[in-house]
Amino acid sequence: MDLRIDMPLVLLLLLPLFLYFGWTYFHERQRLKRSHIVVLTIRIVAAGCLVFALAGPYLLLPIKEEQIVYLVDRSASMNGTEDEMVQFIQESLQSKKEPQLAGIYSFSSTLQTEAILSKTLKEVPKLTEIKATDQTNIEQSLQLASGIIDPKKATRLVLLTDGNETKGDALEFATKLKGSNISVDIKPFSQPVVNDVSLKSFVSPQVAYVGEQQQLVTDIHATSAGQGELLLYENDELIHREAVELTEGTNVFTYKHAATAEGLVKYEAVVQVGQDAIFENNKLTSVTMVQSEPHLLIVNGYETASPIAAALGSQSIAYDVVAPKSLPNELSSYLQYNAIVFDNVPGHLVGEAKMSVIEQAVKNFGVGFTMVGGENSFGLGGYFKTPIETLLPVEMEIKGKEQLPSLGLVIVLDRSGSMQGSKLELAKEAAARSVEMLRDEDTLGFIAFDDRPWEIIETGPLSSKEEAVDTILSVTPGGGTEIYSSLAKAYENLADLKLQRKHIILLTDGQSQAGNYEDLIGEGKEEGITLSTVAIGQDADANLLEALSDMGSGRFYDVIDEQTIPSILSRETAMISRTYIEDNPFYPAIYNAAGWNSLFANGVPQMNAYIGTTAKQGATVVAESEKEDPVLAQWQYGLGKTFAFTSDSTGKWTGDWARWQNWGAFWQTLISQMLPSYNDVAYDVRLEADGSFMITDPTNEAAFLDIVAVNEAGEELETKLETISASQVRAVVQAEPGLIFLRIADEKQAIYQAGLSVPYSAEYELLPVNNQLIEELTQRTGGTVLKEPQDVFRDFTTKGADRQNIATWLLLASMLLFFIDITIRRFGWNFLTNAKKKEPLVEEKTIPEDTNVAQLLKGMKKRS
């Protein structure tokens, strides 16, 4: 047990205290009696206790219990070592002593529990699966382990690792352990020596031109000589395959390729061998900006040839025509185009994941976008509350311009166990979105079913959209699948209602027992009830559901991509709840908009029809209908220019416009206004060794650049900018390995695009044990590099201790002594000694009043 003091300098207050009492005693000792000396002593001790209390004294009481925490590195670089590490732990546990606690935790990018700290741990449990193995974060594992243990007890953290950290800084955290009860021991382990071939680098030019010969350079490292195959891809299409002879060490191969793709072009190198230890290090990507003339992507929603392509002609801008189902998922595939046109494209054939990627291409990379009307476009296409609606200058809703039919909608949703996960969540989100499209006076019902129907929202007037949405989102998965009874309940609820439109939407991913569907739906049709069905996934009974929709005069949707479910329900709700198509011939009003007036110098042709929408605040309406609905609207979304043309491209709705002499010039004008403004400044963008991006601006205006990073999935990444100098800025991006696209914009919003590849994690490199980190980490924390298992439970040099604060007790003692002092002065010495004769505490005849003690005692006596 040790006595320690937090603020020893406070004890200097004892010096004047003792000097004062010592001087008093020395000068008055001839006149002081026993009682006076007792009072003086009490005061000295009380004052001393008070000073000691102010100094923060405490006792260190020893703690016998000790803690040993195993931290098992299970990152990718430790593959093949798990059995060896488990054996080491098992052998070391045989040496554990009774008062010692032991626990086992494993880590890679984060920490997870295998066995909690306890005295009873004797066997190593089966290690749980660890998912993210692409990083080693020793610092975080030490930090989290420090929060698990009792800091009062002596603790030993036992790291089983190769010391190759790819994230964090363990040595920096080790300085925080200095002076604590925690030490770090390390037992080094490493992967067994195996054959491995890896791509160390793959380089393509940062900028090139169409037709220019580019050099694609690959650097391949092999642990031993052998044969392999090198494959090169351009935008996911194979452009080169070559058998290669690999020598031990570095192998460099160069391939010359004439660029055919345009825009930001993705190149990919892949090396393949017969036996390979790590597959994750066999692929690298690179990006080249291939400059060329503008390029347009037309997404054609018609089964026939593209009407827009026909109107443009062969001498216009270069374009590609694709079907909606062929749209790519990767951002790089869209960045090779300068503008995109959706021509009568239904949203459920696109899906919200692709919509989000397109939205990023428009917002951050300036790609132009136009939606053209038709029976499958705008609100009828299911674009309500989608990323595409966000970027357009119009809203899908028609706001209070006409009398809409009364509506009753019942959604019948499968909540069986097979729907658990993203399918059910997306289906609930879709149902909630449909509710938001309804009016307050509409009728809504919601039935969720498993092996029986559950009426979540009784069919009736929609009193509160917010409450209905919350109720729908709270549905949880259940048991089996039984469709008929739930569908019958929906028909029953709608049958007697006096509504102009009554509709049921059925969503399921499973099979069901037979039922008399024909009679059920036939009776429902007599009551004006229609039925649409959605088959989710390949296990759904598509034949039954399609037959039900045919009998119910509705639509059938066969869903493979779950992301399309919200668009489907949005489209269904729009089709039954709104009269979107305005089909009365009219002459659009043309407003003074730059670039358009010359087309209409000789008059405006008649138009037959369009889809009703509402212009957003801030949008410019170029052409407007007699009902003041936008026919052609435009606005700026981020760096991209977007347009909405609410009539069609075939001539069925556009009428005389399709026979107009300026029809081709109309589309040329629209496309030219969509095209972004690119920056001619040649920014140099490089990936630094620390994973950050260094951007060099030759105009010395780096501090004014707006920089955004986006990954292949179209997700905007967290980016921190640090100005290094007038010409350089560093961008620190939280990015996973893969392609990263950087958009650089100046103050005039001129755009520069660049793409870089974040290579695979260092986890997938064959590296030796990091002995330098291991040695330094153990030295800084007072640990050791372990050799034998029994060394884990060797004696601790630093023992644990519990800190017991005694300042409170000293204060109490001081107060008690002062109380005794007051009591003696008030009642006299005999009050404490129980003497028969009272002896006055102070004899004024023997102690002159002019002495210090006499004056002090006399003053206290008067006050008492």
Side-chain angles (χ1 to χ4, degrees), residues 297-302 322-325 327 334 339-363 367-399 426-427 429-438 505 532 534 555 557 559 561-582 609-616 619 629-635 637-638 640 642-649 653 674 714:
L297 175 64
I298 301 173
V299 187
N300 182 26
Y302 297 101
V322 299
K325 290 184 177 180
L327 280 172
Y334 294 100
I340 302 170
V341 176
F342 269 29
D343 189 10
N344 194 36
V345 177
H348 70 274
L349 295 182
V350 181
E352 297 209 16
K354 295 176 184 177
M355 292 185 197
S356 296
V357 176
I358 293 171
E359 191 248 352
Q360 281 293 335
V362 174
K363 177 183 177 182
V367 176
F369 185 87
T370 293
M371 176 171 281
V372 181
E375 294 179 349
N376 294 313
S377 191
F378 292 101
L380 294 178
Y383 288 98
F384 178 71
K385 284 204 168 182
T386 63
I388 294 296
E389 184 188 35
T390 302
L391 64 85
L392 285 174
V394 296
E395 296 177 0
M396 303 297 130
E397 282 276 60
I398 307 172
K399 296 187 175 176
L426 285 167
E429 178 190 334
R433 189 177 297 179
S434 295
V435 171
E436 292 176 358
M437 294 178 67
L438 298 176
I505 305 175
S532 290
V534 182
R555 288 151 296 279
Y557 302 91
V559 174
D561 182 3
E562 300 160 7
Q563 296 287 333
T564 64
I565 297 174
S567 291
I568 290 172
L569 262 70
S570 176
R571 180 173 190 254
E572 277 296 300
T573 308
M575 293 183 74
I576 62 160
S577 63
R578 301 288 188 270
T579 304
Y580 275 91
I581 301 176
E582 298 286 348
Y610 65 93
I611 292 183
T613 60
T614 302
K616 291 179 180 176
D629 291 329
V631 174
L632 177 63
Q634 66 184 48
W635 79 338
Y637 180 72
T642 70
F643 290 77
F645 182 58
T646 59
S647 191
D648 74 347
S649 62
W653 288 6
M674 277 198 295

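Side-chain atoms are counted along with the backbone in the values below, which use heavy atoms only and exclude waters and symmetry mates. Just so it is clear, the model here is predicted, and its values are computed rather than measured.
A search for side-chain contact (heavy atoms from CB on, under 4.5 Å) contacts involving Thr370 returns Val341, Val372, Phe643, Leu670, Met674, not counting sequence neighbours. Legend: residues meeting side-chain contact (heavy atoms from CB on, under 4.5 Å) with Ala430, ordered by chain and number and at least two apart, are Ile565, Pro566, Leu569. Qualifying salt bridge (charged side-chain N to carboxylate O under 4.0 Å, His left out) partners for Lys385, counting only residues two or more places apart in sequence or in other chains: Glu436. Under the rule for a side-chain contact (heavy atoms from CB on, under 4.5 Å), the partners of Lys363 that lie at least two apart in sequence or sit in another chain are Glu359, Tyr637, Glu716. The side-chain contact (heavy atoms from CB on, under 4.5 Å) check on Ala644 picks up Phe378, Pro393, Val394, with sequence neighbours excluded.
Rounded to the nearest 0.5 Å, atoms NZ (Lys354) and OG1 (Thr386) are 14.5 Å apart. To the nearest 0.5 Å, atoms CE (Met396) and OG (Ser570) are separated by 9.0 Å.
With hydrogens and angles disregarded, no donor-acceptor distance shorter than 3.5 Å links the side chain of Asp629 to the backbone of Gly612.
Across Lys616 and Glu395, no two heavy atoms sit closer than the pair CG-CG, 3.7 Å. Closest approach of Leu391 to Trp635, counting heavy atoms only: O-NE1, 2.9 Å. Contact record, Gly301 with Pro324: CA-CG, 4.3 Å, taken as the closest heavy-atom pair. Residues Pro630 and Ala615 share a closest heavy-atom pair of CG-N, 3.8 Å. Between Ser532 and Glu572, the shortest heavy-atom contact is OG-OE1, 2.6 Å.
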Going by atom type alone, with no hydrogens or angles, which donor-acceptor pairs under 3.5 Å involve a side-chain atom of residues 344-353 and a protein atom two or more places apart or on another chain?
from: Asn344; atom 1: OD1; to: Glu375; atom 2: N; distance (Å): 3.1
from: Asn344; atom 1: OD1; to: Asn376; atom 2: N; distance (Å): 2.8
from: Glu352; atom 1: OE2; to: Arg433; atom 2: NH1; distance (Å): 2.5
from: Glu352; atom 1: OE2; to: Arg433; atom 2: NH2; distance (Å): 3.0

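Side chains of Ile340 and Val362 form no contact here, defined as non-hydrogen atoms less than 4.5 Å apart. Leu327 is listed as a side-chain neighbour of Phe342, based on a closest heavy-atom distance under 4.5 Å. Between Met371 and Ser377 there is a side-chain heavy-atom pair separated by less than 4.5 Å. Residues Trp653 and Thr646 fail the side-chain proximity criterion, which asks for heavy atoms closer than 4.5 Å.
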Hey, mind stepping through Tyr383 and Met355 against side-chain contact (heavy atoms from CB on, under 4.5 Å) and telling me if it holds?
CA-CA 10 Å; Tyr383 288 98; Met355 292 185 197; 3.7 Å; yes
